[in-house]
Amino acid sequence: TLTPAGELLKRTATAMRHEEKLLREQMAKAEEQSMSLAFGVTKSVNEGFMKPRIPGFLRKYAGGRIHFTVDNTSQLLEEINRMNLDFAIVEGNFDKEVYDYIVLSKERFIPVCAPDYPFRKKIRFLEDLFCETLIVREQGSGSREIFHNILGSRNETFESFSAVMEIGDIGITKELLKAGNGIAFMYEMAVKQELEEGSLKEIGLRDFDVCHEFALVWLKTKQFSSYYEKLAEELVKCDEEP
């Protein structure tokens, strides 16, 4: 088992390797060679924040080699640690001693269901939903961890609900919700279209008002913070472009 000093050495050595990789790529770019870009986003981010931005953002790097992946927060952070990804955009929690980050947006985290969902009782507070079936994401998901922590702060768990379905695909989750198979807690922007068209609705709760940050994260590095700041600016601007 690594000692605290060993953990520090490991983090520092990994960050140094990552800086070297970026330095080589920047030098290659300066010599007019194509630069590679490897990044990932979580499933929730891909459903909302990234969808309108992906085409414009990738066009900026059309001359280079691009690797883009979608996975849960836990897996993306592991891929960054292995240097398979340069950065990731996540909504889940991460160790700020290990990663630098830039907050891209703050998004509402809301309970949703079918518009005609047959609740078993009048719904006013979070605990009123405990008699319903909860649909949650898979282990390693950022949104799962966030909701787990919210419940924990109230001395509750997923088992507080009458039944729990674990679904790793957001699209399938939406279809189950539309069919009245349960309720779920999701980011508002991930179900924006469904809320606007009326196929899903937000469940109004008096004691639940949660927002969470979406952040661009990378291994701590002193030399390339400005590089990631520029990427973050480009991501935000891409939504403004036609």
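Just the heavy atoms: all of them, side chains too, but no hydrogens, waters or symmetry mates, feed the values below.
- Counting heavy atoms from C-beta on, the side chains of Leu104 and Leu216 come closer than 4.5 Å.
- Checked against side chain to side chain donor-acceptor pair (under 3.5 Å), Arg206 has no partners two or more places apart in sequence or in another chain.
- Listed by chain and residue number, Ser160 satisfy the side chain to side chain donor-acceptor pair (under 3.5 Å) test with Glu156 (two or more places apart in sequence, or in another chain).
- Distance check, rounded to the nearest 0.5 Å: CG of Leu195 to CD1 of Ile110 gives 5.0 Å.
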Audit row: Phe147, Val210, side chain to side chain contact (heavy atoms under 4.5 Å, CB included) steps and yes/no: CA-CA 10 Å; Phe147 189 46; Val210 176; over 6 Å; no

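- Checking side-chain atoms of Ser162 against main-chain N and O of Cys131 turns up a donor-acceptor pair under 3.5 Å.
- Atom CD of Glu197 is surrounded by more than 12 heavy atoms from other residues, nucleotides or ligands within 6.0 Å.
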Working for salt bridge (charged side-chain N to carboxylate O under 4.0 Å, His left out), residues Arg144 and Glu138: CA-CA 7 Å; Arg144 177 192 176 107; Glu138 77 284 2; over 6 Å; no

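- Between the side chains of Asn181 and Tyr117, no donor-acceptor pair of N or O atoms lies under 3.5 Å.
- Checked against the 6.0 Å centroid threshold, Tyr228 and Tyr101 do not count as a close aromatic pair.
- Taking hydrophobic clusters as Ile, Leu, Val, Met, Phe, Trp and Tyr residues chained together by side-chain heavy-atom distances below 4.5 Å, Leu129 does not share a cluster with Ile135.
- Contact of the Lys106 side chain with the His212 side chain is not registered, since no non-hydrogen atoms from C-beta on lie closer than 4.5 Å.
- Contact check on Arg154 versus Asp207 returns a salt bridge, with a Lys/Arg side-chain nitrogen under 4.0 Å from an Asp/Glu carboxylate oxygen.
- The structure places CD of Glu175 at 8.5 Å from CG of Leu200, a figure rounded to the nearest 0.5 Å.
- No donor-acceptor distance shorter than 3.5 angstrom exists from the side chain of Lys174 to the backbone of Asp169, with no hydrogens or angles considered.
- Side-chain contact annotation: Ser44 with Thr42, donor-acceptor N/O pair under 3.5 Å absent.
- When side chains are defined from C-beta on, Ser143 does not count as touching Phe185, because their heavy atoms never get closer than 4.5 Å.
- Screening Asp71, Leu76, Leu77 for a side chain to side chain contact (heavy atoms under 4.5 Å, CB included) with Thr73, the sole residue that qualifies is Leu77.
- By the rule that hydrophobic residues join a cluster once side-chain heavy atoms approach within less than 4.5 Å of another member, Val41 and Phe109 end up as members of one cluster.
- Between Arg108 and Glu202 there is a salt bridge, with a side-chain nitrogen of the basic residue lying less than 4.0 Å from a carboxylate oxygen of the acidic one.
- Here the straight-line distance linking atom CG of Asp100 with atom CD of Glu229 works out to 9.5 Å at 0.5 Å rounding.
- In this structure the side chain of Trp218 never reaches within 4.5 angstrom of the side chain of Leu231, judged on heavy atoms.
- Of the inter-residue distances, the one linking Lys122 atom NZ with Asp128 atom CG reads 9.5 Å to the nearest 0.5 angstrom.
- Ile172 and Ile183 fall into different hydrophobic clusters, where Ile, Leu, Val, Met, Phe, Trp and Tyr residues are linked whenever their side-chain heavy atoms come under 4.5 Å apart, directly or through other members.
- Judged by distance alone, the side chain of Lys43 and the main-chain N or O of Gly168 form a donor-acceptor pair under 3.5 Å.
- Side-chain contact check for Ile203 versus Cys113: some heavy-atom pair is nearer than 4.5 Å.
- Every residue meeting the side chain to side chain donor-acceptor pair (under 3.5 Å) condition with Glu107, not counting sequence neighbours, appears here in chain and number order: Ser105.
- Residues Ile80 and Leu219 have side chains in contact (heavy-atom distance under 4.5 Å, counting atoms from C-beta outward).
- Residues Leu205 and Arg124 fail the side-chain proximity criterion, which asks for heavy atoms closer than 4.5 Å.
- Note: the hydrophobic cluster containing Leu176 also contains Val112 (ILVMFWY, side chain heavy atoms under 4.5 Å, direct or indirect links).
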Side chain to side chain contact (heavy atoms under 4.5 Å, CB included) evaluation trace for Val136 with Thr173: CA-CA 8 Å; Val136 297; Thr173 296; over 6 Å; no

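- When atom types are taken as modelled, the side chain of Asn149 and the backbone of Ile146 share no donor-acceptor pair closer than 3.5 angstrom.
- Of the possible donor and acceptor atoms, one in the side chain of Glu132 sits under 3.5 Å from a partner among the backbone N and O of Arg120.
- No side-chain heavy atom of Phe125 sits less than 4.5 Å from a side-chain heavy atom of Phe208.
- Using a 4.0 Å cut-off between charged side-chain N and carboxylate O, Glu166 and Arg137 make no salt bridge.
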Intermediate values then yes/no, side chain to side chain contact (heavy atoms under 4.5 Å, CB included), Leu37 and His67: CA-CA 6 Å; Leu37 183 67; His67 174 71; over 6 Å; no

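- Separation of atoms OG1 (Thr1) and CD (Glu7) is listed at 9.5 Å; rounding is to 0.5 Å.
- Phe68 is not connected to Ile170 by any chain of hydrophobic side-chain contacts under 4.5 Å among Ile, Leu, Val, Met, Phe, Trp and Tyr, and they are in different clusters.
- Ion pairing between a basic and an acidic side chain is recognised when a charged N comes within 4.0 Å of a carboxylate O; Arg82 and Glu79 show such pairing.
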Trace of the side chain to side chain contact (heavy atoms under 4.5 Å, CB included) decision for Gln75 with Asn72: CA-CA 6 Å; Gln75 288 300 314; Asn72 62 45; 3.4 Å; yes

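- Minimum heavy-atom separation, Ala114 to Leu177: CB-O, 3.2 Å.
- Ring to ring, Phe214 and Tyr187 are close: their centroids are under 6.0 angstrom apart.
- The aromatic rings of Phe130 and Phe161 sit perpendicular, their planes meeting at an angle over 60°, well past the 30° parallel limit.
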